[in-house]
Novice: 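Structure provided below as C-alpha cells; questions to follow.
We use all heavy atoms of the structure for the numbers below, so side chains are in, but hydrogens, waters and symmetry mates are not.
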Amino acid sequence: MAHTPQERYSKLVSAKLRNELVLKDGFVFNNDYEGSPSAGAVKIPVRDTEVQVSDYDKANGITATNGDTSYTTLNIDKDKAVNEIIDGFDAASVPANLVADRLDSAGYSLAVQLDTDGGTTLLAGSTATGVEQLTKDNIYDTIVDLRTAMSKAKIPNDGKRYLLAKPETMALILKSPEFIKASALGDAVVQTGAVGKIAGFLVAEWNDNTANLAMLAGHPRFATRVNEWSVPVKLQDLSGSGKYIGASAVQGRMVYGHKVLRQTAIRAVYSPAALTVSLAAATGEGSSGKTVATITAGNTGNTYAYKLNPSSRATYDMSSSAYGGTSLTSGTTAIAVSVGDIIEVVNLSSSKVKAVGYITVTASDIAE
C-alpha cells in the first residue's frame, strides 16, 4: 500500500512543478534522451543535418543515405531533496489538507530551483550580445536582429522560437506596436505560458534578476532538460528516529540536469553588456584538472570574482560580501573543474557587481 501514496504524491508534486515552471518543457527545453537519469548520465540525440534529397533514377533507383545523428552525454549533476517536518502528527494521522499544502509547497520550491539551474545552463551555453540601452524605440529592432541571427544560423522558424523577457524589458515590448497579445493568437499560444508574440517569437515574462540581463531567446529543439524522482515523494513517520516524537515528514529526492545543444540557437541580450569570458587549459606545475578564465570585454576595471556551478545568479549592485565568490585574476587564476561545470564570473567596482558572464567548461579547457 505504501507504493500507491508515493506514486500519487510524486505525481501531484510533478504536476505542481510543471505548472510553476517559467522555463517550461516543450517551450524552452525538450525532453529527448535515452537512459535512466537515476543512473547518473543519459544520452541525448544531436542531429545537425537534415535528410538528403537526391534525383530519382527510374531504372536504378536511388542510393540510400545515412542519418548524421550523434549522441552527447549529459551527466546528471543535480540531486535535490525535500524533507519538510510536520510536527504533532505521525504519518497515519496527518490531515489531508496539511499534506496537500506541503506537497504544493514542495512543487513550487523545486520549480524555482529547476528554473534557476536551467537558466544558468542556458546563459552559459548561449551566444551573448550587448545593447548599450534598450528603449521603446529600439526594442523591436533589437528583437528583429535576434530573429535574423537565428535564421542565418538555420534555427527553425516554425512557431516555436521563444523570447524570455525580464519585467523591465517586457514593459518596453508591451509598448511596441508590433506586439501581438496572446488573446489574439489563440489557445495554442496561451498554453505555452506565452503572453504574446513579436517578430516570430513567443514571448513570456521571466522575473529574473541576473546582472544586466535583458532577455533570452531560443528554440526548444536545442536545449534539453532531464529530471526524475530518484526517491519518490512519501510521508515518512519519524517516531523511530530517536529524535522526533509525534512527527512525520514529507520527503523525496529528484535528480536532474540541463544541456544546451547548439550555442547559436540560444541568444542572451545584456544591457549594457555581459562579460566576455574565454577558457584555456591551465599551465605549469600543479595545473592538472584546472582551467584559466580570461575576461576580454564588458568590464569596468579589473576586479573579478567567480563561482563554480552557482545555485543562484549574481544581481546588479550586489555587494562583494553578499556575493561571496572566490577572487579571480583574469588570465592567471587556475580553477579546478570538470567537464560540464559552469563558471560564473562577476566584475566588481567599488565592491559591487557591475557585470557578469557565464561559460561552460569543455574537455579542451582543462589541463591534463
Novice: Could you go step by step and tell me if Met254 and Val13 meet the side chain to side chain contact (heavy atoms under 4.5 Å, CB included) rule?
Specialist: CA-CA 11 Å; Met254 174 176 282; Val13 176; over 6 Å; no
Novice: For Thr120, give me all partners under side chain to side chain donor-acceptor pair (under 3.5 Å), at least two apart in sequence or on another chain.
Specialist: Arg313
Novice: May I ask you to test the Val353-Thr315 pair for a side-chain heavy-atom distance under 4.5 Å?
Specialist: no
Novice: According to side chain to side chain donor-acceptor pair (under 3.5 Å), who are the partners of Asp79, at least two apart in sequence or on a separate chain?
Specialist: Arg253
Novice: For Asp141, what residues pass the side chain to side chain donor-acceptor pair (under 3.5 Å) criterion, not counting sequence neighbours?
Specialist: none
Novice: Got a sec, which pairs hit ring-ring contact (aromatic ring centres under 6.0 Å, His included) with one end in residues 309-366, sequence neighbours left out?
Specialist: none
Novice: Roughly how far apart are Asn31 CG and Asp25 CG, rounded to 0.5 Å?
Specialist: 4.0 Å
Novice: Any side-chain to backbone donor/acceptor pair from Thr291 onto Ile366? Under 3.5 Å, distance only.
Specialist: no
Novice: Determine whether Tyr270 and Leu123 satisfy the following criterion, side chain to side chain contact (heavy atoms under 4.5 Å, CB included), listing intermediate values before the conclusion.
Specialist: CA-CA 11 Å; Tyr270 292 81; Leu123 293 174; 3.7 Å; yes
Novice: With distance as the sole criterion, is a donor-acceptor pair present between the side chains of Asn30 and Thr224 under 3.5 Å?
Specialist: yes
Novice: Starting at CD1 of Ile62, measure out to OH of Tyr56 and round the result to the nearest 0.5 Å.
Specialist: 8.0 Å
Novice: Could you tell me whether a side-chain N or O of Lys160 sits under 3.5 Å from a main-chain N or O of Arg221, the two making a donor and an acceptor?
Specialist: no
Novice: Does some side-chain heavy atom of Val131 sit less than 4.5 Å from a side-chain heavy atom of Thr129?
Specialist: no
Novice: Flag the pair His219 / Arg262 as yes when at least one side-chain heavy-atom distance between them is below 4.5 Å, and no otherwise.
Specialist: no
Novice: Does CD1 belonging to Ile245 count more than 12 external heavy atoms closer than 6.0 Å?
Specialist: no
Novice: Do Arg102 and Tyr9 touch side chain to side chain, with heavy atoms closer than 4.5 Å?
Specialist: no
Novice: Any donor and acceptor pair, going by atom type alone, linking the side chain of Lys24 with main-chain N or O of Arg18 inside 3.5 Å?
Specialist: yes
Novice: Quick check against the 3.5 Å criterion: does Lys290 have a side-chain atom that pairs as donor or acceptor with the backbone of Ser287?
Specialist: no
Novice: On a heavy-atom basis, which atom in Ala41 and which in Asn75 lie closest, and how many Å separate them?
Specialist: CB-OD1, 3.7 Å
Novice: Is it possible for you to say whether Ile359 and Val260 belong to one hydrophobic cluster, with membership spreading through side-chain heavy-atom contacts below 4.5 Å?
Specialist: no
Novice: Can you see which heavy atom on Ile173 is nearest to which on Ala165, and at what distance?
Specialist: CD1-CB, 3.9 Å
Novice: Once rounded to the nearest 0.5 Å, what's the spacing between atom NZ of Lys181 and atom CG of Leu174?
Specialist: 8.0 Å
Novice: Short question: side chain of Asp237, backbone of Ser239 - any donor-acceptor pair under 3.5 Å?
Specialist: yes
Novice: List the steps, then state whether side chain to side chain donor-acceptor pair (under 3.5 Å) holds for Ser14 with Trp229.
Specialist: CA-CA 9 Å; Ser14 295; Trp229 290 107; 2.8 Å; yes
Novice: With rounding to the nearest 0.5 Å, note down the distance linking CD in Glu168 to CG in Leu213.
Specialist: 10.0 Å
Novice: Is there a donor-acceptor pair under 3.5 Å between the side chain of Thr142 and the backbone N or O of Asn138?
Specialist: yes
Novice: For Ala214 versus Leu134, what's the shortest heavy-atom pair and its separation?
Specialist: CB-CD1, 3.5 Å
Novice: Are Ile44 and Leu261 close enough, and set up right, to give a side chain to side chain contact (heavy atoms under 4.5 Å, CB included), and what steps lead you there?
Specialist: CA-CA 9 Å; Ile44 300 174; Leu261 305 178; 4.0 Å; yes
Novice: Is Met215 close to Phe201 at the side-chain level, that is, under 4.5 Å between some pair of heavy atoms?
Specialist: no
Novice: Look only at the side chain of Ser330 and the backbone of Ile295, and say whether a donor-acceptor pair between them is shorter than 3.5 Å.
Specialist: yes
Novice: Do any pairs count as a ring-ring contact (aromatic ring centres under 6.0 Å, His included) and have a residue in residues 125-165, sequence neighbours left out, and if so which ones?
Specialist: Phe27-Tyr162
Novice: Given 3.5 Å as the limit, does a donor-acceptor pair link the side chain of Ser248 with the main chain of Phe89, or not?
Specialist: yes
Novice: Judged by atom type as modelled, is there a donor-acceptor pair below 3.5 Å linking the side chain of Arg267 to the main-chain atoms of Thr264?
Specialist: yes
Novice: Holding to side chain to side chain donor-acceptor pair (under 3.5 Å), I want the full list of residues that pass it with Asn97, two or more places apart in sequence or in another chain.
Specialist: none
Novice: I'd like to check Pro37 versus Asn227 (side-chain heavy atoms, cut-off strictly below 4.5 Å). Are they in contact?
Specialist: no
Novice: Salt bridge (Lys or Arg N to Asp or Glu O under 4.0 Å): which pairs involve residues 106-133, sequence neighbours left out?
Specialist: Asp115-Arg225
Novice: Transitively linked via ILVMFWY side-chain contacts under 4.5 Å: Val94 with Ile85?
Specialist: no
Novice: Nearest 0.5 Å, please: how far is CG in Leu275 from OH in Tyr304?
Specialist: 6.5 Å
Novice: What pairs of residues pass the side chain to side chain donor-acceptor pair (under 3.5 Å) test when at least one of them lies in residues 359-368, not counting sequence neighbours?
Specialist: Thr362-Ser364, Thr362-Asp365
Novice: Take Met170 and Val203 through the test side chain to side chain contact (heavy atoms under 4.5 Å, CB included) and record every step on the way to the result.
Specialist: CA-CA 9 Å; Met170 192 70 213; Val203 182; 3.7 Å; yes
Novice: Could you list the residues that satisfy salt bridge (charged side-chain N to carboxylate O under 4.0 Å, His left out) with Lys16, not counting sequence neighbours?
Specialist: Glu20, Asp104
Novice: Would you please name every residue forming a salt bridge (charged side-chain N to carboxylate O under 4.0 Å, His left out) with Asp101, sequence neighbours left out?
Specialist: none
Novice: Side-chain heavy atoms under 4.5 angstrom apart, residues restricted to Ile, Leu, Val, Met, Phe, Trp, Tyr: same cluster for Val233 and Leu238?
Specialist: no
Novice: Ignoring hydrogens, what is the shortest heavy-atom contact between Ala367 and Ala282? Give both atom names and the distance.
Specialist: CB-O, 3.2 Å
Novice: Mark yes or no for whether Glu344, through its side chain, and Tyr306, through its backbone, hold a donor-acceptor pair below 3.5 Å.
Specialist: no
Novice: Output all residues satisfying ring-ring contact (aromatic ring centres under 6.0 Å, His included) with Phe29, sequence neighbours left out; order by chain, then residue number.
Specialist: His258
Novice: So do Asp208 and Val22 actually touch side chain to side chain, heavy atoms under 4.5 Å?
Specialist: no
Novice: Would you indicate whether the side-chain heavy atoms of Tyr244 and Asp87 approach each other to under 4.5 Å?
Specialist: no
Novice: What are the two closest heavy atoms between Ser320 and Leu348, and how far apart are they?
Specialist: CB-CD1, 4.0 Å
Novice: Could you give all pairs that pass the side chain to side chain donor-acceptor pair (under 3.5 Å) test and reach residues 345-354, with sequence neighbours left out?
Specialist: Asp317-Lys354
Novice: Report the distance from atom CD1 of Ile139 to atom CD1 of Ile198, rounding to the nearest 0.5 Å.
Specialist: 7.5 Å
Novice: Do Thr73 and Lys43 meet the criterion of a side-chain donor-acceptor pair at a distance under 3.5 Å?
Specialist: yes
